[in-house]
J.: 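Once you've had a glance at the structure underneath, I'll fire off some questions.
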Amino acid sequence: MKLSADLTVLQETLGHSFRDPRLLRRAVTHASMSGPGREDNQRLEFLGDRVLGLVMAEALLAHDPGASEGQLAPRFNALVRKETCADVAREIGLGQALKLGRSEQKSGGRRKLALLGDAMEAVIAAVYLDAGFEAARALVLRLWHNRIAEVDDDAKDAKTALQEWAQARGLQPPAYVETARSGPDHAPVFTIQARLDSGETAEATAGNKRQAEQMAAKALLERLE
C-alpha cells in the first residue's frame, strides 16, 4: 500500500517507516469514515492508551527514583490524559492527516481535542503493532520528552484540582454551565462558567467545551487561592 502525501509527511514526522502502512492509515481513520474494508481507529486507540501508560510509568520511575507513589500518580495522570495527547498531536500536525466523514470535517473535527487525543493514542498502537514495544517506547519518549522533564507534583488538571478543593471543604463537586456560544457551526466558541455551591464562579471561553471547562476551573482556583 502506497501512502498518501499527508500520511507520508506524518510518517516522516514520526520518524518511523511503517512496514505495514495500513496500520498508519487505520490509526488516523475516524469512525465517521469507517465502512466495508476500512477500519476505524477505535481499537487502536484502546491499545495505544495502554502502551502509553506503561511507557509513562517506566519513564517517571526512571526520571525520579526517589518519588513516592503519591507524587508519581498526579504526574502520570497529567502526562497520559487526553488533553496532553491532543497537544502532542497538534505539535506533529496529526490533525491534517485525519480521515474524517463530511459532518466531522464541517464541525472542525481536525481541531477537536477528543479526536486528536484518540488518534495520537492510535498512532502509538500502530507503531507498537508494526515494530514492537521498543519502537513505540522510543516514539513516546521523543514526543513527550520535555513534558516528562517538566512535570511536577502539582501536575493535575484544573477540574480535578477544583473538585478536590471542593470535597476537602465539604462542598458538592463543581458544576460547569454553558453560558454562551458563538461562531459558525463548523468552528463554535463556548463560554463555560465553573460554579461551586458556596457561590463562587469563574468563566472562560475556548474553541471546545472541555478546554473551556478546564480554563474556567483554573480561573476559579486562582480566585480561591
J.: Are Leu61 and Val55 connected in the hydrophobic side-chain network, where two residues link if heavy atoms are under 4.5 Å apart?
T.: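 Result: yes, single cluster for both.
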J.: After noting the C-alpha distance and the side-chain angles of His30 and Leu98, does the key distance pass the side chain to side chain contact (heavy atoms under 4.5 Å, CB included) rule?
T.: CA-CA 7 Å; His30 184 255; Leu98 291 180; over 6 Å; no
J.: Starting at NZ of Lys218, measure out to CD of Glu222 and round the result to the nearest 0.5 Å.
T.: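 Reported value, rounded in 0.5 Å steps: 5.5 Å.
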J.: For the atom pair CD (Glu213) and CD (Glu178), what is the distance rounded to the nearest 0.5 Å?
T.: 9.5 Å
J.: Tell me whether the count of non-hydrogen atoms from other residues, nucleotides or ligands lying under 6.0 Å of CZ in Arg43 goes above 12.
T.: no
J.: For atom CZ of Arg169, decide whether the heavy atoms of other residues, nucleotides or ligands shown that lie under 6.0 angstrom number more than 12.
T.: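 Result for CZ/Arg169: enclosed.
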J.: Would Gln105 and Ser32 satisfy side chain to side chain contact (heavy atoms under 4.5 Å, CB included), going step by step from the backbone distance to the final call?
T.: CA-CA 10 Å; Gln105 290 189 47; Ser32 61; over 6 Å; no
J.: Report yes if the side chains of Val28 and Asp6 come closer than 4.5 Å at any heavy-atom pair, otherwise no.
T.: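 Contact flag for Val28/Asp6 side chains = no.
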J.: Kindly give the heavy-atom pair with the smallest separation between Ala212 and Ala206, and that separation in Å.
T.: N-CB, 3.7 Å
J.: Is there a side-chain contact between Leu141 and Ile148 in this structure, where contact means two heavy atoms from C-beta onward sitting under 4.5 Å apart?
T.: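 Yes - at least one pair of side-chain heavy atoms lies under 4.5 Å apart.
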J.: Between atom CZ of Arg26 and atom CG of Asn41, what is the distance when rounded to the nearest 0.5 Å?
T.: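 Reported to 0.5 Å precision, the distance equals 8.5 Å.
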J.: For Phe133, does the CZ atom have more than 12 heavy-atom neighbours from other residues, nucleotides or ligands under 6.0 Å away?
T.: yes
J.: Thr201 and Gln193: side chain to side chain contact (heavy atoms under 4.5 Å, CB included), yes or no, with the steps?
T.: CA-CA 7 Å; Thr201 65; Gln193 184 180 77; 3.9 Å; yes
J.: With rounding to the nearest 0.5 Å, note down the distance linking CG in Leu44 to OH in Tyr128.
T.: 12.0 Å
J.: Which pair of heavy atoms, one from Ala62 and one from Pro65, lies closest together, and at what distance?
T.: O-CD, 3.8 Å
J.: Taking all non-hydrogen atoms of both residues, which atom of Leu143 and which atom of Ile92 are closest, and how far apart?
T.: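 Heavy atoms of Leu143 and Ile92 come nearest at CD2-CG2, 3.8 Å.
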J.: Should Met215 and Leu221 be regarded as members of a common hydrophobic cluster, given that ILVMFWY residues are connected when their side-chain heavy atoms come within less than 4.5 Å of each other, either directly or indirectly?
T.: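 Hydrophobic grouping puts Met215 apart from Leu221.
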J.: Taking 4.0 angstrom as the limit, do Glu83 and Lys159 come out as a salt bridge?
T.: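 Salt bridge absent between Glu83 and Lys159.
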J.: Do Leu224 and Leu196 come close enough that some side-chain heavy atom pair is under 4.5 Å?
T.: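 When only atoms from C-beta onward are counted, Leu196 and Leu224 do touch, with a gap below 4.5 Å.
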J.: Is the number of heavy atoms from other residues, nucleotides or ligands within 6.0 Å of CD (Gln172) greater than 12?
T.: no
J.: Enter the distance from Met56:CE to His63:NE2 here, rounded to the nearest 0.5 Å.
T.: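 Nearest 0.5 Å value for the CE-NE2 distance: 11.5 Å.
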J.: Which heavy atom of Gly53 sits nearest a heavy atom of Val80, and at what distance?
T.: CA-CG1, 4.3 Å
J.: Using distance only, find each side-chain donor-acceptor pair of residues 114-125 under 3.5 Å and give its atom names and separation, not counting sequence neighbours.
T.:
residue : atom : partner : partner atom : Å
Asp118  : OD1  : Lys82   : NZ           : 2.6
Glu121  : OE1  : Lys82   : NZ           : 3.1

J.: Using modelled atom types only, decide if a donor and an acceptor are shared between the side chain of Gln163 and the backbone of Pro173 within a distance under 3.5 Å.
T.: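 Checking the backbone N and O of Pro173 against the side chain of Gln163, no donor-acceptor pair under 3.5 Å is found.
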J.: Evaluate the side-chain proximity of Asn77 to Thr160: yes if any heavy-atom separation is below 4.5 Å, no if none is.
T.: no
J.: Can you confirm whether Arg19 is buried at CZ, in the sense that more than 12 heavy atoms of other residues, nucleotides or ligands lie under 6.0 Å from that atom?
T.: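 Incorrect, the count does not exceed 12.
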J.: If you look at every heavy atom in Ala126 and Ala27, which pair is closest and at what distance?
T.: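 Of all heavy-atom pairs spanning Ala126 and Ala27, the closest is CB-CB, 4.0 Å.
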J.: With heavy-atom distances below 4.5 Å as the criterion, would you say the side chains of Ser4 and Lys99 are in contact?
T.: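 Of all side-chain heavy-atom pairs linking Lys99 with Ser4, at least one is under 4.5 Å.
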J.: Say you draw a straight line from OG1 of Thr29 to CZ of Arg22; how long is it, rounded to the nearest 0.5 Å?
T.: 13.0 Å
J.: Phe76 versus Leu72: any side-chain heavy-atom pair under 4.5 Å?
T.: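 No, every pair of side-chain atoms sits at 4.5 Å or beyond.
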J.: For Arg142 versus Gly15, what's the shortest heavy-atom pair and its separation?
T.: NH2-N, 3.7 Å
J.: Does Val88 share a hydrophobic cluster with Val9, counting links as ILVMFWY side-chain heavy atoms below 4.5 Å and allowing steps through other members?
T.: no
J.: Test your reading of the model: is there a side-chain donor-acceptor pair from Gln71 to the backbone of Ser68, 3.5 Å cut-off?
T.: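 It does hold such a pair.
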J.: Check ring-ring contact (aromatic ring centres under 6.0 Å, His included) between Phe18 and all other residues, then give those that pass, not counting sequence neighbours.
T.: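 Here the qualifying residues are His16.
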J.: Is the closest side-chain heavy-atom distance between Met33 and Glu104 below 4.5 Å?
T.: no
J.: State whether the side chain of Thr84 and the backbone N or O of Ala78 hold a donor-acceptor pair below 3.5 Å, judged by distance alone.
T.: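 Indeed, once roles are kept as given, a pair shorter than 3.5 Å links the two residues.
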J.: Any link between Leu113 and Leu79 through a network of hydrophobic side chains (Ile, Leu, Val, Met, Phe, Trp, Tyr) touching at under 4.5 Å?
T.: no
J.: Linking I/L/V/M/F/W/Y whenever their side-chain heavy atoms sit closer than 4.5 Å, directly or via other members, would Leu171 and Leu220 fall into one cluster?
T.: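 Yes, same cluster.
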